[in-house]
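These notes concern the structure reproduced below.
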Amino acid sequence: MKILLHAVFIILTALVTFFGLGPVLFADGILQERLWTAAIVLAIYIILVFLYRKSIYWINRR
């Protein structure tokens with residue numbers, strides 16, 4: 001169960017990195033658009049870390 005949990009979060013992090021940071025680094029838009037995208041990507045990373053820690057705690061508690 002732990003391996004599956006780790007794999008899911010690794011895949012989610014890779015997807016957020018690819019589809020989130022790619023537009024921030026390589027977009028042709030204005031700086032404000034890049035900053036908003038970076039803020040949203042950072043928020044998604046924070047949510048992923050929070051969910052990951054909660055799920056690890058839940059798995060270990062069982």
Side-chain angles (χ1 to χ4, degrees):
M1 186 70 174
K2 284 185 182 183
I3 294 173
L4 180 64
L5 180 71
H6 292 307
V8 166
F9 277 98
I10 288 171
I11 291 170
L12 286 174
T13 304
L15 288 172
V16 170
T17 301
F18 183 74
F19 291 111
L21 290 182
V24 171
L25 297 175
F26 301 117
D28 291 337
I30 59 176
L31 181 62
Q32 183 179 7
E33 181 181 341
R34 287 184 182 189
L35 290 176
W36 277 109
T37 306
I40 292 170
V41 169
L42 182 63
I44 292 172
Y45 276 129
I46 290 170
I47 291 169
L48 275 177
V49 167
F50 176 75
L51 291 174
Y52 181 66
R53 291 182 61 140
K54 281 290 204 184
S55 59
I56 289 295
Y57 173 75
W58 183 74
I59 291 290
N60 286 335
R61 195 173 60 138
R62 292 176 99 201

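Every heavy atom of this structure was used, including side-chain atoms; hydrogens, water molecules and symmetry mates were not.
- Residue Leu51 is not grouped with residue Ile10 when hydrophobic side chains (ILVMFWY) are merged at heavy-atom distances under 4.5 angstrom, including chains of intermediate members.
- By the side chain to side chain contact (heavy atoms under 4.5 Å, CB included) test, Ile11 pairs with Leu15, sequence neighbours left out.
- In this structure, Leu5 CG and Ile56 CD1 are separated by 4.5 Å, a value rounded to the nearest 0.5 Å.
- Under the 4.5 Å side-chain contact rule for hydrophobic residues, Leu4 and Tyr57 do not share a cluster.
- Applying the ring pair (Phe, Tyr, Trp, His ring centres under 6.0 Å) definition to pairs two or more places apart or across chains, those involving residues 4-30 are His6-Tyr52, Phe9-Tyr52.
- Judged as a side chain to side chain contact (heavy atoms under 4.5 Å, CB included), and not counting sequence neighbours, Asp28 has no contacts.
- In terms of the side-chain hydrogen bond (donor to acceptor under 3.5 Å, both in side chains) criterion, residue partners of Lys2 (sequence neighbours excluded) are, by chain and number, Asn60.
- As a member of the Ile/Leu/Val/Met/Phe/Trp/Tyr network built from side-chain separations under 4.5 Å, Ile3 groups with nothing else and remains a singleton.
- Under the 4.5 Å side-chain criterion, counting only non-hydrogen atoms from C-beta, Gln32 is not in contact with Leu35.
- At a threshold of 4.5 Å between side-chain heavy atoms, the hydrophobic network of Ile, Leu, Val, Met, Phe, Trp and Tyr places Ile47 and Trp36 in two separate groups.
- A continuous path of Ile, Leu, Val, Met, Phe, Trp and Tyr side chains, each step under 4.5 Å between heavy atoms, connects Val8 with Ile44, placing both in one hydrophobic cluster.
- By the side chain to side chain contact (heavy atoms under 4.5 Å, CB included) test, Leu42 is found to be paired with Ile46, residues two or more places apart in sequence or in another chain being considered.
- Residues that satisfy the side chain to side chain contact (heavy atoms under 4.5 Å, CB included) test with Val41, not counting sequence neighbours, are Val16, Leu21, Thr37, Tyr45.
- When hydrophobic side chains of Ile, Leu, Val, Met, Phe, Trp and Tyr are connected at separations under 4.5 Å, Val24 ends up as a singleton with no cluster partners.
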